[in-house]
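What follows is one structure encoded as structure tokens, with my remarks underneath.
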Number of protein chains: 2
Amino acid sequence: MDEQAEAKRATVHDVARTAGVSLATVDRVLNARPGVRPETAEKVENAIKALDFRRDLSASLLARARDLRVTFLIPDGGNAFMESLVGAIARRVRQTRNERLTLAASQYHALDPAALISRLDALNGRETDCAVIVAPDDPAVVKAVDAATRRGVAIITLVSDLPGSARRHFIGIDNQAAGRTAASLLGRFCTAPGKVGIIAGSLGLRDHRERFEGFAGVLGREFQHLSIVGPTEGFDDDVQTEAAALKLLSEHKDLTGIYNLGAGNAGLVAALGKTHRAGNIRVVSHELSDTTRGALRAGTLDVVLDQNPDGEIRAAIAAARQVALSPDAEIHSDPIEIGIFLRDNLR
Amino acid sequence: MDEQAEAKRATVHDVARTAGVSLATVDRVLNARPGVRPETAEKVENAIKALDFRRDLSASLLARARDLRVTFLIPDGGNAFMESLVGAIARRVRQTRNERLTLAASQYHALDPAALISRLDALNGRETDCAVIVAPDDPAVVKAVDAATRRGVAIITLVSDLPGSARRHFIGIDNQAAGRTAASLLGRFCTAPGKVGIIAGSLGLRDHRERFEGFAGVLGREFQHLSIVGPTEGFDDDVQTEAAALKLLSEHKDLTGIYNLGAGNAGLVAALGKTHRAGNIRVVSHELSDTTRGALRAGTLDVVLDQNPDGEIRAAIAAARQVALSPDAEIHSDPIEIGIFLRDNLR
DNA sequence: TCCGTCATGAGGTACGTGCCTCATGACCTA
DNA sequence: TAGGTCATGAGGCACGTACCTCATGACGGA
């Protein structure tokens, strides 16, 4: 089987000729400028469809003599995963310097919707084409997203979605599947009957709720020799997570497994070490970091599920380009896969 | 932390001015055209470094009025993984239609180095910028790769590398790590003492050898209650793999696990079904496909390691763009991660 | 009927790079 | 010294799109 290149691509000139209108009119339609009668616009749309015309991104960005400007809004506050997202953005900046792309990363005070909202309100379509946000599922945030969209800034949600908002796209993993996967691994690792403790960041967070649901479903259905203790909340914080883990460990001597579906892994590792249970309990947690890598190597953690921050940033940028290309068309993006890391396939 | 966009990027005009030469000379240097004295070229190189000039890929592809032409050479022969690579290429074709990229996929007779070599010999730099090849590690292939490189076709190896050749880059997973991961999972799933059977495609293949080495290392070091039987060869073929699996199963009644590090999964699944051992033996194999997905859902397979064909194709194209941009510079590409799939995180 | 508004056409320049032609001067060789 | 080769400069056109100005014709209301 050989696939050959298709014939020459259609240009705006071809569209104009086919539609029987001038270049200027095609341009008005393509860039949603006023001054075109609906029936004329339709002729153009039809020609575009007939020729399968797609605007040439290279030429387009070149002609407007400016970059595609993408702003990231990420929570701060020492959360290792969020920091790795910021790191991934910085890496992309280096790689995309010759691709007419300007990336700006900006952190807002975590767990503070008002801080995020004021950042969103400050965005406008003249300075920003697209904003990629990691946002809590809050009605006021949804409103701010809708308002920014009306000002011409396309919004893409990252990690945690905002269904019901005007956001153009969501980039993230299937958190239910992540929970199911954790249960499936822990269920097979813990062969003797016993208890499995669950630590969440906060059940107010959509992604954490979904992970727990997936986990509980699979464990209840397939691993009935294990029962669930919790979830208890660690608020994505090392100190509070350590306290939660210590409480679990002291109250349930027959604990054979732990699933930490939030952040705060350093606290969890510390608690396992202090109680001398590291290695005796099977532990699954989320997000690769220096802490979790070290704990995997030491055998304190057995599995780390990872949502691949570099992949998410790449996908977000690709989605932003699609938005720039055709503001209404549906966005296609490769699904972000859940990475499963053991000591043996650490990167 | 906020990262702002840097100042305006340097253009060829800036380079010419800084170097004190004309645009034409800069162009000659940039595109490796003859007619420039070494010391003049050096002035230009220095200006490029001083200004951190990078050629604008969009403008470059636009100006040469042709696409970046990438040809893929993939083995045929019903191997499900190779077919999925071809499918991934087809998907990319659709996504990159407006990115000045022409992808051609071409399959050659599997296990036939001569067929690959004649394809390589037919490539030339006027029609192809870059060839991405899945190639056996054969001295004659290495020679053909070197010759194609001299004719101006950059070669990128995919899945299996050709160290010692003039290939510009390798895209693929760490096969040692894949083997280690398989051992680590199988070792924890098989808690009772017993035997683990190994089926390879062919130990003549570099990637298969590496997987086996990784597997044997971890199993011997960490799971001494398990012993290895094999490897036996299935030649990446369903029928032969089924025969190999049947032989393993009949000769070793105390087999508690199987690791199939090659293709031919349909044969393995058939053998497990016929001997009524499906579900009683822990099985790890490679590459997601309809067969392996179904077997995961049915519980016949426990884990499938996957090298993410879509990601590999994406990475290969990104690498090809880098080659086009600067023919000598080192290529940076995100590592391809080993996907670990259980029933619960199937996509 | 006159003027204003609107839809559209015509044509240009610009973006950054590739690639072409032609001219010029320096240097080498016979 | 004439003819040749070579390094370089000067300039222009092209790629496909964005965006600008100006002209023109149609149609409406007063």
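In what follows, chains are A, B, ... by sequence order, proteins preceding strands, each numbered from 1.
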*asked:* Holding to side chain to side chain donor-acceptor pair (under 3.5 Å), I want the full list of residues that pass it with A/R92, two or more places apart in sequence or in another chain.
replied: A/Q95, B/D334

*Carboxylate-amine/guanidinium contact B/R17 B/D14, below 4.0 Å*: yes

*With a 4.0 Å cut-off, would you call B/R9 and B/D56 a salt bridge?*
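Salt bridge between B/R9 and B/D56, a charged N being under 4.0 Å from a carboxylate O: no.
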
_Least distance between heavy atoms, A/A316 atom then A/F72 atom_ =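 Heavy atoms of A/A316 and A/F72 come nearest at CB-CE2, 4.3 Å.
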
_B/S/- contact track for nucleotides 9-17 of chain C, protein heavy atom under 4.0 Å_ = BB----BBB

*To the nearest angstrom, how far is B/L325 atom CG from C/dG18 atom C1'?*
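Value for this atom pair: 14 Å.
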
*asked:* I'd like to know whether NE2 of A/H109 has more than 12 heavy-atom contacts from other residues, nucleotides or ligands below 6.0 angstrom.
replied: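 Count not over threshold, so no.
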
*Is it the case that more than 12 heavy atoms not belonging to A/E42 sit under 6.0 Å from its CD atom?*
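Check fails, neighbour count at 12 or below.
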
_Euclidean distance, A/C130 SG relative to A/L123 CG, rounded to 0.5 Å_ = 10.0 Å

*Give, ordered by number, those residues of residues 32-39 of chain B having at least one heavy-atom distance below 4.0 Å to an atom of DNA chain D; if nothing qualifies, reply none.*
B/G35, B/V36, B/R37

*Do B/R314 and B/N308 get their side chains close enough for a donor-acceptor pair, meaning under 3.5 Å?*
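No, B/N308 and B/R314 have no side-chain donor paired with an acceptor closer than 3.5 Å.
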
